[in-house]
J.: 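Below is the structure I would like to discuss, written out as structure tokens.
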Amino acid sequence: MSSVAADLTLENTFARDLDGLFVPWQAAQFPEPALLALNEELARELGLDPATLATPAGIALLIGADLPAGAAPIAQGYAGHQFGGYSPRLGDGRALLLGELTDAAGRRRDLHLKGSGGTPFSRGGDGKAAVGPMLREYVIGEAMHALGVPTTRALAVLGTSEQIAREEGLLPGAVLVRVAASHLRVGSFQYAAAMTAAKKDPTILRRLADYAIARHHPAAAEADQPYVALLEAVTQRQAELVARWMCLGFVHGVMNTDNVTISGETIDYGPCAFMEGYDPGTVFSSIDHAGRYAYANQPPITLWNLSRFAESLLPLVNEDVDEDQEAAVAKVVPVLDTFADHFAAAWRAGMLAKVGLADTGDNVELLQELLALMQTARVDWTSFWRALAQDARGGTVARDMFLAREDFDAWATRWLDRKPDAEAMDAVNPVYIPRNHKVQEALDAATTGDLGPVTRLIEVIREPYVVRPGLEAYAEPDPNGGGYVTFCGT
Ligand code: AMP
Ligand code: MG
């Protein structure tokens, strides 16, 4: 077997610059790995040849068994607030950063494994992952990418040919090969901030912040107060990101601070799903009893997470303002206060595009009235907006989704008076999203060895906006009426 790795360079800027925030580690060996899914488009974007990756030598590279000379895989350390409770030491308990590569567009991307075996951060976990959840991450990530949402993406999913023990019983194991702008998280900063407090030395925190600025927000380096500017940039990106989720009816499910990136990409698709009947309280995660991460709570929770980010930056802001804690807090609070405006602007623009109207105050009022009607009727979030464009063309498809037709008609008359742009609506409102029951059906089949449904589903969601004959079942809500729950046993 010739080596594919020999032709590849993996860089290690994280390991080079951030000693103390990782542990060098190796992936577990899997005797018979098999390629379950390969993202050919992403491979090409990374300058990798898909046909080569599909060979045994390519698979050996993908699963971390045959790495380029000089590669130095690491498990990253991070902390995090999980459902509001602080865990000082989470880290890559079943993941590894293989290294970084520069893509065809010149961007630095992390090449990362998930499910690659235990590490010093495993905390009693087995370090493994099952086929279902890893393919789920592949599918949802590709859907988000196709929908224009910043996201980490899967390059491949490999079956490990071993069985792993989960609540449901023994399940086939898998490794996800993930590509991300980076794996820097709010939790990475919390981890470095705790070290800073323990050692009374902010060196590691400053190095992390400087690294984040250089990699993701280079303009902040030029600012008077670079660390305040970093907070500004991350606040804006996260506000825009969560606004995108809201427009799509996406519920992340585990918005812990370790799952919030500094790059502004969506990361860690666990018990996430797209809402069907519109209900702001929608929750899919079986362990989110209090609804902390419910659909409508996502914007305030993002701000809460950003507040934890701001706290971890205080020692650096402090230095900028001569060690005065109150003065440091006074610097970050106004930045956190900009979240509301960034979010509102992005949400308004996104939502008004969905109803085909320009961004004006009057139109926002009209939109709010529609949302109230939709909530009462629990109309299907995704298909409603497409239906509404049909009504702009003279149809009654959206109208027929309501029992209280008079209320809808009264609203629609005023809406039609404003001349909504049906073409523009179709360009932003997807027909195909990975609907929960379709995802579940595909993952169940894959778990028993049939990859047909998941391969088909990926094809469908890659082109979300164009109606294709024969795909009606992918565009409709769950015929069994939802009640969908995903479990955290990933
Ligand atoms: P997640 O819910 O995937 O964001 O993971 C939260 C934390 O739990 C991270 O530190 C993971 O590395 C860790 N973790 C999750 N599953 C496992 C597992 N099977 N073995 C070891 N660590 C795990
Ligand atoms: Mg995570």
Side-chain angles (χ1 to χ4, degrees), residues 21-23 25-28 30 73-98 110 112-138 140-141 151-154 157 160 162-178 180-191 194 238 251-263 265-273 284-288 292-293 301-302 305 308-309 486-490:
L21 298 183
F22 64 88
V23 179
W25 205 252
Q26 301 293 325
F30 300 101
I74 57 169
Q76 291 180 322
Y78 52 84
H81 278 88
Q82 299 180 301
F83 291 90
Y86 186 62
S87 295
R89 190 180 154 96
L90 293 171
D92 287 336
R94 55 164 171 176
L96 279 185
L97 176 61
L98 292 180
D110 275 6
H112 173 104
L113 301 182
K114 186 163 171 179
S116 51
T119 77
F121 298 106
S122 294
R123 298 175 295 142
D126 62 1
K128 304 290 172 69
V131 163
M134 294 306 98
L135 283 172
R136 159 186 276 280
E137 179 152 348
Y138 187 124
I140 311 285
T151 181
T152 67
R153 294 175 74 187
V157 176
T160 60
E162 68 177 23
Q163 300 284 309
I164 62 171
R166 290 293 181 266
E167 242 170 69
E168 307 91 299
L170 287 179
L171 294 173
V175 170
L176 175 82
V177 187
R178 180 159 75 181
S182 86
H183 284 80
L184 302 182
R185 313 143 188 268
V186 168
S188 317
F189 281 80
Q190 293 179 292
Y191 193 68
Q238 284 290 334
V251 180
H252 182 282
V254 212
M255 294 174 68
N256 295 334
T257 55
D258 53 301
N259 291 339
V260 178
T261 59
I262 302 307
S263 66
E265 285 183 341
T266 313
I267 197 169
D268 266 0
Y269 296 99
C272 60
F284 296 105
S285 166
S286 63
I287 62 169
D288 191 1
R292 179 181 173 89
Y293 300 141
I301 280 293
T302 301
N305 289 334
R308 306 291 78 76
F309 181 47
T486 58
F487 295 90
C488 239
T490 55

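Counting starts at 1 for both ligands and their atoms, in listed order. Start at 1 with the first residue, then count along the sequence.
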J.: Would you check if Thr257 and Arg185 make a side-chain contact, meaning some heavy-atom pair closer than 4.5 Å?
T.: no

J.: May I ask you to test the Asp258-Val186 pair for a side-chain heavy-atom distance under 4.5 Å?
T.: no

J.: Under 4.0 Å from any heavy atom of Arg123, which atoms of ligand 1 are there?
T.: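 Counting atoms of ligand 1 from 1, those under 4.0 Å from Arg123 are 7 (C), 8 (O), 9 (C), 10 (O), 13 (C).
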
J.: Report yes if some heavy atom in the side chain of Asp268 is under 4.5 Å from a heavy atom in the side chain of Lys114; otherwise report no.
T.: yes

J.: Is the contact between Lys128 and ligand 1 made by the side chain, the backbone, both, or neither, using heavy atoms and a 4.0 Å cut-off?
T.: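 Backbone only.
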
J.: Does the Arg136 side chain pair with the main chain of Cys272, one donor and one acceptor, at a distance under 3.5 Å?
T.: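 Between the backbone of Cys272 and the side chain of Arg136 there is a qualifying donor-acceptor contact (under 3.5 Å).
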
J.: Using a 4.0 Å cut-off to any heavy atom of Asn259, which atoms of ligand 1 qualify?
T.: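 Selected atoms, number and element: 4 (O).
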
J.: Can you sort out which atoms of ligand 1 are near Gly125, meaning under 4.0 Å from one of its heavy atoms?
T.: 20 (N), 21 (C)

J.: Answer yes or no for Asn256: is there an N/O/S atom below the 2.8 Å cut-off from the Mg ion (ligand 2)?
T.: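 Short answer: no, not a single N, O or S atom is under the cut-off.
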
J.: Which option wins on minimum heavy-atom distance to atom 10 (O) of ligand 1: Gly93, Gly77, Gly91?
T.: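 Nearest heavy atom to atom 10 (O) of ligand 1 lies in Gly91.
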
J.: Is the distance from the Mg ion (ligand 2) to some N, O or S atom of Asp268 under 2.8 Å?
T.: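 A backbone or side-chain N, O or S atom of Asp268 is under 2.8 Å from the Mg ion (ligand 2).
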
J.: Atoms of ligand 1 less than 4.0 Å from Leu90 heavy atoms?
T.: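 Once the distances to Leu90 are compared, the set is 10 (O).
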
J.: Compute the ring centroids of Phe309 and Phe189, then answer whether they are less than 6.0 Å apart.
T.: yes

J.: Just to be sure I read this right, does ligand 1 sit under 4.0 Å from the backbone of Asp268, its side chain, both, or neither, counting only heavy atoms?
T.: side chain

J.: May I ask whether Gln76 has any heavy atom positioned less than 4.0 angstrom from an atom of ligand 1?
T.: no

J.: With heavy atoms of Tyr78 as the reference, note each atom of ligand 1 found under 4.0 Å away.
T.: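 Under 4.0 Å from Tyr78, ligand 1 has these atoms: 9 (C), 10 (O).
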
J.: Please say whether Lys114 places an N or O atom under 3.5 Å from an N or O atom belonging to ligand 1.
T.: no

J.: Would you mind checking if Arg94 and Asp126 are paired as a salt bridge, meaning a charged N to carboxylate O distance below 4.0 Å?
T.: no

J.: Should you measure from each heavy atom of Gly127, which atoms of ligand 1 turn up under 4.0 Å away?
T.: 18 (C), 19 (N), 20 (N), 21 (C)

J.: Would you call Ala95 a ligand 1 contact, heavy-atom distance under 4.0 Å?
T.: no

J.: Would you mind running through ligand 1 and noting each atom that sits below 4.0 Å from a heavy atom of Arg166?
T.: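 What qualifies from ligand 1 is 19 (N).
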
J.: Taking the side chain as C-beta and beyond, is there a heavy-atom pair between Arg178 and Arg153 under 4.5 Å?
T.: no

J.: Taking N or O atoms only and a 3.5 Å limit, does Arg94 qualify as a polar contact for ligand 1?
T.: yes

J.: How far does NZ of Lys128 sit from OG of Ser116, to the nearest 0.5 angstrom?
T.: 9.5 Å

J.: With under 30° as parallel and over 60° as perpendicular, where do the rings of Tyr191 and Phe121 fit, or are they tilted in between?
T.: perpendicular

J.: Which bit of Phe121 gets closer than 4.0 Å to ligand 1, counting heavy atoms only: side chain, backbone, both or neither?
T.: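 Under 4.0 Å from ligand 1, Phe121 contributes no heavy atoms.
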
J.: Nearest 0.5 Å, what's the CG-CG distance between Asp110 and Leu97?
T.: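 Answer for the CG-CG pair, Asp110 versus Leu97, is 4.5 Å.
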
J.: How are the rings of His81 and Tyr86 set to each other: parallel, tilted or perpendicular (split at 30° and 60°)?
T.: tilted

